[in-house]
Trainee: 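Okay, handing you the structure first.
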Amino acid sequence: GSFPSLTTLMALPGMRDTQTVVKWKFLEHKGPVFAPPYEPLPSNVKFYYDGKVMRLSPEAEEVATFFAKMLDHEYTTKDIFRKNFFKDWRKEMTAEEKAKITDLKKCNFSEMNEFFKAQSEARKAMTKEEKQKIKEDNERILQEYGFCIMDNHRERIANFRIEPPGLFRGRGDHPKMGMLKRRIRPEDIIINCSKDSKHPEPPPGTRWKEVRHDNKVTWLVSWTENIQGSIKYIMLNPSSRIKGEKDWQKYETARRLKKCVDRIRNQYREDWKSKEMRIRQRAVALYFIDKLALRAGNEKEEGETADTVGCCSLRVEHIKLYPENDGQEYVVEFDFLGKDSIRYYNKVPVEKRVFKNLQLFMENKEPDDDLFDRLNTSILNKHLQELMDGLTAKVFRTYNASITLQQQLKELTNAEENIPAKILSYNRANRAVAILCNHQRAPPKTFEKSMQNLQTKIDAKREQLSDAKRELKSAKADAKVRKDEKSKKSKKAVQRIEEQLMKLEVQATDREENKQIALGTSKLNYLDPRISVAWCKKWGIPVEKIYNKTQREKFAWAIDMADEDFEF
DNA sequence: GCGTGTACTTAGAATACAATTC
DNA sequence: GAATTGTATTCTAAGTACACGC
């Protein structure tokens with residue numbers, strides 16, 4: 001195919017991308033789809049305060065329903081969530097409501113909660129025709145609002161629906177959890193499109209906040225969210241040219257790092273000896289980023305978000321030093337909350353020089369002092385930029401993830417094995433990367449049960465196999481001299497069942513090993529898809545076994561591009 | 001350098017949908 | 001054909017990175 005080429009629009013490696021490069025020449029779209037307006041509850045669904053029925057104003061009622069819908073969620077038991085919710089809810093109340101409703105504990109939302117549960121049951125119980133109608137409506141909205149024209153191509157938009165109002169669900173110990181996320185109106189919306197396009201119309205009787213024509217950015221719509229005051233964007237789907245080229249560029253940068261990573265490693269090892277503290281800190285931090293695939297660790301505003309860290313923002317309290325541990329020398333124990341408040345726990349032996357440096361960095365410091373007090377991401381990235389054009393801290397994550405997949409695939413793939421076994425090897429290679437990048441998930445609620453079900457199936461299959469073998473034996477005995485049809489057939493059956501059993505066993509292993517590991521994130525964001533495509537071609541595995549439809553669309557450029565001897 | 005604002009990528013959970021089982 | 005289970009998709013929060021003004 002023709003996808004993609006380095007167009008004149010594309011940034012060259014290392015070229016500053018923001019505010020520098022023209023991203024498109026023509027952009028036309030229909031604007032966002034707004035959240036449906038609030039529908040007041042039927043009058044038989046009651047809210048009780050202090051045991052007595054109370055009728056709420058529509059504004060207060062809407063916010064109450066947000067809480068009522070979440071009653072079964074752990075969030076609603078958390079003090080901070082309740083406190084933030086109640087404070088914001090009161091802002092929406094009338095003076096009378098405010099005077100009366102002074103204690104969240106006295107609020108009874110259970111009828112509301114029941115109502116929404118019943119509603120979702122009713123939705124499930126709809127007839128085929130009703131479901132079909134909804135599907136068609138959605139399809140029409142998708143066709144109208146879900147696509148834009150960018151430079152002669154009709155491209156899929158990722159999130160063309162505006163986020164509906166609700167209660168903010170921060171991850172981890174978020175100080176703002178439970179706050180009211182307000183409804184977004186046309187007056188909040190900035191539209192970005194080209195001057196010579198047909199501009200999207202705001203809903204009747206409303207206006208946009210602004211219509212601008214900035215072709216140095218890729219977004220179509222933006223608004224400012226009220227919880228953190230940050231900007232939200234509507235952008236294109238990962239299958240679009242603009243995202244695909246950027247993705248490709250990302251992996252090309254990582255491949256350039258491959259060429260000079262030895263030099264960089266030698267450099268930072270030298271820097272461990274520097275007489276300048278800032279250089280030693282920089283060198284030890286970079287070592288962690290490289291060896292452990294830690295994130296850069298930007299500073300964050302205290303009290304605005306959950307307390308999480310990355311490499312540069314590590315504090316003394318996040319590591320422990322063991323001169324000797326379980327027979328290993330110079331062990332560092334990491335224990336901190338990273339992005340999304342996912343815990344990072346790891347015990348790693350390090351070089352003596354690193355260990356000594358860490359001792360030095362921690363000297364005379366309090367637990368909540370910065371480990372690298374002379375370093376931040378901006379200093380680190382400036383240094384990296386000097387080592388390689390376009391190099392930043394996150395490139396190491398991409399590089400180490402991709403190179404690990406390639407190595408692991410080489411190591412684990414066994415030419416003799418069948419396709420399911422090879423796919424298990426692929427998943428194991430993928431898993432090695434997910435572990436490196438600390439991509440965890442909560443074990444699925446039904447995990448134990450689903451393992452049990454699988455085991456039951458395996459047992460049944462084993463039973464079936466021994467039956468089939470017995471059958472084969474007796475068929476052979478019957479056959480006397482020449483092999484007859486019956487024994488041939490029995491043999492086939494045994495083979496078929498053996499294969500099925502093997503497939504089930506492989507599936508069980510895979511699932512067990514995956515209990516707390518999330519493979520999707522690395523597959524989607526860190527692994528050069530050309531490695532996987534090449535592997536599929538080399539071993540005759542259909543690419544559909546590795547990538548589902550959406551993933552194949554996102555990685556169309558790689559599926560097009562890579563042949564079986566692609567090397568990352 | 002330092003604080004602030006913007007644009008974009010990366011992340012796990014929630015939900016919708018499809019496949020399978022009973 | 002209803003219920004259950006597994007997978008794909010959607011959602012939106014939470015990161016990284018860098019420009020800009022001082």
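For clarity, every value in this text was computed on a predicted model and none was experimentally measured.
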Trainee: Using only modelled atom types and a 3.5 angstrom limit, is any donor from either the side chain of A:Lys394 or the base of B:dT10 paired with an acceptor on the other?
Mentor: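 No pair found.
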Trainee: Tell me whether the OP1 or OP2 atom of B:dT6 has a side-chain N or O from A:Lys216 closer than 4.0 Å.
Mentor: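 For B:dT6, neither OP1 nor OP2 has a side-chain N or O of A:Lys216 closer than 4.0 Å.
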Trainee: Could you tell me whether A:Gly520 contacts a base, only the sugar-phosphate backbone, or nothing, with contacts defined as non-hydrogen atoms closer than 4.0 Å?
Mentor: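 A:Gly520: no heavy atom of the nucleic acid under 4.0 Å.
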Trainee: Side chain of A:Thr521, heavy atoms from C-beta onward: which of B:dT9, B:dA11, C:dT12 has the nearest atom to it?
Mentor: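 The closest nucleotide is B:dA11.
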Trainee: Does the side chain of A:Tyr547 come under 3.5 Å of the side chain of A:Ser532 through a donor N or O and an acceptor N or O?
Mentor: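 Their side chains do contain a donor-acceptor pair, which is all the 3.5 Å distance test asks for.
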Trainee: In terms of side-chain heavy atoms of A:Lys246, which of B:dA11, B:dC8, C:dT12 is nearest?
Mentor: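 Selected nucleotide (nearest to the side chain): B:dC8.
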Trainee: Is it true that A:Ser194 and A:Asn215 share a donor-acceptor pair across their side chains at a distance under 3.5 Å?
Mentor: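 No.
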Trainee: Using a 4.0 Å heavy-atom cut-off across all strands, classify A:Thr305 as base, sugar-phosphate, or nothing.
Mentor: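 Nothing: the residue A:Thr305, judged by heavy atoms under 4.0 Å, touches no strand.
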Trainee: Hey, does the side chain of A:His73 come within less than 4.0 Å of B:dA13's phosphate (OP1/OP2), counting only N and O?
Mentor: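 False: A:His73 side-chain N/O out of range (4.0 Å or more) of B:dA13 OP1/OP2.
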Trainee: Report the residue (A:Arg212 or A:Lys554) whose heavy-atom-nearest nucleotide on DNA chain B is the more 5′ of the two.
Mentor: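 First, find each residue's nearest nucleotide; the 5'-ward one identifies A:Arg212.
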Trainee: For A:Arg397, enumerate each residue passing the salt bridge (charged side-chain N to carboxylate O under 4.0 Å, His left out) test, keeping only those at least two apart in sequence or located in another chain.
Mentor: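 Scan of A:Arg397 (salt bridge (charged side-chain N to carboxylate O under 4.0 Å, His left out), adjacent residues dropped) gives none.
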Trainee: Which nucleotide in the set C:dA17, B:dA7, C:dT16 lies at the smallest distance from any side-chain heavy atom of A:Trp219?
Mentor: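 Selected nucleotide (nearest to the side chain): B:dA7.
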Trainee: Please tell me which of the listed nucleotides, B:dG12, B:dC8, C:dG15, lies nearest to the side chain of A:Lys300?
Mentor: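 Nearest nucleotide to the side chain: C:dG15.
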Trainee: Within a reach of under 6.0 Å around NE2 of A:His213, are more than 12 heavy atoms found that belong to other residues, nucleotides or ligands?
Mentor: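 Enclosed.
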Trainee: On DNA chain C, does the nearest nucleotide to A:Thr308 precede the nearest nucleotide to A:Ala158 from the 5' side, or the other way round? Give the residue.
Mentor: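 On the 5' side of the pair lies A:Ala158.
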Trainee: Looking at every strand, decide which applies to A:Gly310 at a 4.0 Å heavy-atom threshold: base, sugar-phosphate, or nothing.
Mentor: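 No contact.
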Trainee: Counting side-chain heavy atoms from CB outward, which of C:dA17, C:dA14, C:dA13 is closest to A:Asp340?
Mentor: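 The nucleotide sitting nearest to the side chain is C:dA14.
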Trainee: Looking just at side-chain N and O atoms, do A:Thr308 and A:Lys300 make a donor-acceptor pair shorter than 3.5 Å?
Mentor: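 Yes - a donor-acceptor pair under 3.5 Å links their side chains.
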Trainee: Base, sugar-phosphate alone, or nothing: which one does A:Thr218 contact when heavy atoms must sit under 4.0 Å apart?
Mentor: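 Contact class for A:Thr218: sugar-phosphate only.
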Trainee: State whether A:His174 places a side-chain N or O below 4.0 Å from either non-bridging phosphate oxygen (OP1 or OP2) of C:dA13.
Mentor: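 No.
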Trainee: Taking only side-chain N and O atoms of A:Lys339, does any of them lie within less than 4.0 angstrom of OP1 or OP2 on B:dG12?
Mentor: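 A:Lys339 to B:dG12 OP1/OP2: no side-chain N or O under 4.0 Å.
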Trainee: I need the CE-P distance between A:Met235 and B:dT10, as an integer number of Å.
Mentor: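 About 13 Å, once rounded to whole Å.
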Trainee: Give A:Pro164 one of three labels, base, sugar-phosphate or nothing, depending on what nucleic acid heavy atoms sit under 4.0 Å from its own.
Mentor: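 If one applies the 4.0 Å heavy-atom cut-off, A:Pro164 turns out to touch the sugar-phosphate alone, with no base involved.
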Trainee: Tell me: NZ of A:Lys515 to P of B:dG12, nearest whole Å?
Mentor: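 Whole-Å distance recorded here is 18 Å.
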Trainee: Could you tell me if A:Glu139 and A:Gln143 have a donor-acceptor pair between their side chains, going purely by distance under 3.5 Å?
Mentor: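 Judged by distance alone, the side chains do pair up.
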Trainee: Measure from CG on A:Asp214 to C1' on B:dC8 and round the result to the nearest Å.
Mentor: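 One finds 14 Å between C1' of B:dC8 and CG of A:Asp214, rounded.
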Trainee: So what does A:Ala306 hit on the nucleic acid, given a heavy-atom distance under 4.0 Å: a base, only sugar-phosphate, or nothing?
Mentor: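 Contact class for A:Ala306: none.
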Trainee: Please work out if A:Lys124 contacts a base, only the sugar-phosphate, or nothing of the nucleic acid, heavy-atom cut-off 4.0 Å.
Mentor: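 Nothing, no nucleic acid heavy atom in range.
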Trainee: Considering every strand and a 4.0 Å limit on heavy-atom distances, what is the contact class for A:Arg123: base, sugar-phosphate, or nothing?
Mentor: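 Touches nothing.
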Trainee: For A:Ile379 and B:dG3, give me the distance from atom CD1 to atom C1', rounded to whole Å.
Mentor: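 Those two atoms, CD1 and C1', are 14 Å apart.
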Trainee: Among C:dA14, C:dT12, B:dC8, which nucleotide sits nearest the side chain of A:Glu163?
Mentor: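 When the side chain of A:Glu163 is considered, C:dT12 is the closest of C:dA14, C:dT12, B:dC8.
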Trainee: A:Ala442 near the nucleic acid: base, sugar-phosphate alone, or nothing, with a heavy-atom cut-off under 4.0 Å?
Mentor: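 The answer is sugar-phosphate, as A:Ala442 gets under 4.0 Å only of primed atoms, P, OP1 or OP2.
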Trainee: Would you mind telling me which of B:dA18, C:dA14, B:dT10 lies closest to the side-chain atoms of A:Asn525?
Mentor: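 The listed nucleotide nearest to A:Asn525's side chain is B:dT10.
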Trainee: Counting only heavy atoms and a strict 4.0 angstrom limit, can you tell me which residues of residues 225-233 of chain A come near DNA chain B?
Mentor: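 Output list: A:Ile231, A:Tyr233.
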Trainee: When you measure from the side chain of A:Asn548, which nucleotide among B:dA7, C:dT9, C:dG15 comes out closest?
Mentor: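 Nearest listed nucleotide: C:dT9.
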Trainee: Measure the distance from CZ on A:Arg441 to P on C:dA13 and round it to the nearest whole Å.
Mentor: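 These atoms are roughly 23 Å apart.
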Trainee: Taking the basic N atoms (NZ, or NE/NH1/NH2) and the acidic carboxylate oxygens, is any pair closer than 4.0 Å for A:Arg156 and A:Glu553?
Mentor: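 Here A:Arg156 does not pair with A:Glu553 in a salt bridge, since their nearest N and O are not under 4.0 Å apart.
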Trainee: OP1, OP2 of C:dA17 versus side-chain N and O of A:Thr392: anything below 4.0 Å?
Mentor: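 Yes, A:Thr392 has a side-chain N/O under 4.0 Å of OP1/OP2 on C:dA17.
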Trainee: For A:Tyr75 and A:Tyr526, find the nucleotide of DNA chain B closest to each by heavy atoms; which residue's nucleotide sits nearer the 5' end?
Mentor: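 Checking each residue's closest nucleotide, the 5'-ward one belongs to A:Tyr526.
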Trainee: Provide, to the nearest angstrom, the distance between the CG atom belonging to A:Asn376 and the C1' atom belonging to C:dA17.
Mentor: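 Result: 12 Å.
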Trainee: Using ring centroids (six-membered ring only for Trp), state whether A:Phe160 and A:His29 fall under 6.0 Å.
Mentor: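 Here the rings of A:Phe160 and A:His29 have centres that are no less than 6.0 Å from each other.
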Trainee: Considering only C:dT16, B:dG12, B:dC8, which nucleotide approaches the side chain of A:Asn298 most closely?
Mentor: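 Shortest atom-to-atom distance from the side chain points to C:dT16.
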Trainee: Assign A:Asn381 to base, sugar-phosphate, or nothing according to its heavy-atom contacts below 4.0 angstrom with the strands shown.
Mentor: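 Sugar-phosphate only.
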Trainee: From the list C:dT9, C:dA14, B:dA14, which nucleotide is the closest neighbour of the side chain of A:Lys549?
Mentor: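 For the A:Lys549 side chain, the nearest candidate turns out to be C:dT9.
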Trainee: Can you see if the side chain of A:Arg397 gets near the phosphate of B:dA11 - specifically, an N or O under 4.0 Å from OP1 or OP2?
Mentor: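 For B:dA11, OP1 or OP2 has a side-chain N or O of A:Arg397 closer than 4.0 Å.
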Trainee: Please round to the nearest 0.5 Å and tell me the distance separating atom CE of A:Met70 and atom CZ of A:Phe109.
Mentor: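 Answer rounded to 0.5 Å: 12.0 Å.
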Trainee: Looking for any heavy atom pair under 4.0 Å, which part of the strands does A:Arg171 touch: base, sugar-phosphate only, or nothing?
Mentor: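 It contacts base atoms.
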Trainee: Nearest-Å distance, OH (A:Tyr399) to P (C:dT16)?
Mentor: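 Result: 22 Å.
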Trainee: CG of A:Asn237 versus P of C:dT9: gap in Å, rounded?
Mentor: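 Rounding to the nearest Å, CG of A:Asn237 and P of C:dT9 are 11 Å apart.
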Trainee: Return the orientation label for the A:Phe67 and A:Phe81 ring planes: parallel under 30°, perpendicular over 60°, tilted otherwise.
Mentor: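 A:Phe67 and A:Phe81: tilted rings.
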Trainee: Crowded around A:Lys258 NZ? As in, over 12 foreign heavy atoms under 6.0 Å?
Mentor: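 Yes - once you tally the heavy atoms of other residues, nucleotides and ligands closer than 6.0 Å, there are more than 12.
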Trainee: When you measure from the side-chain N and O atoms of A:Ser222 to the phosphate of B:dA7, is any distance below 4.0 Å, counting only OP1 and OP2?
Mentor: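 For B:dA7, OP1/OP2 do not have a side-chain N/O of A:Ser222 under 4.0 Å.
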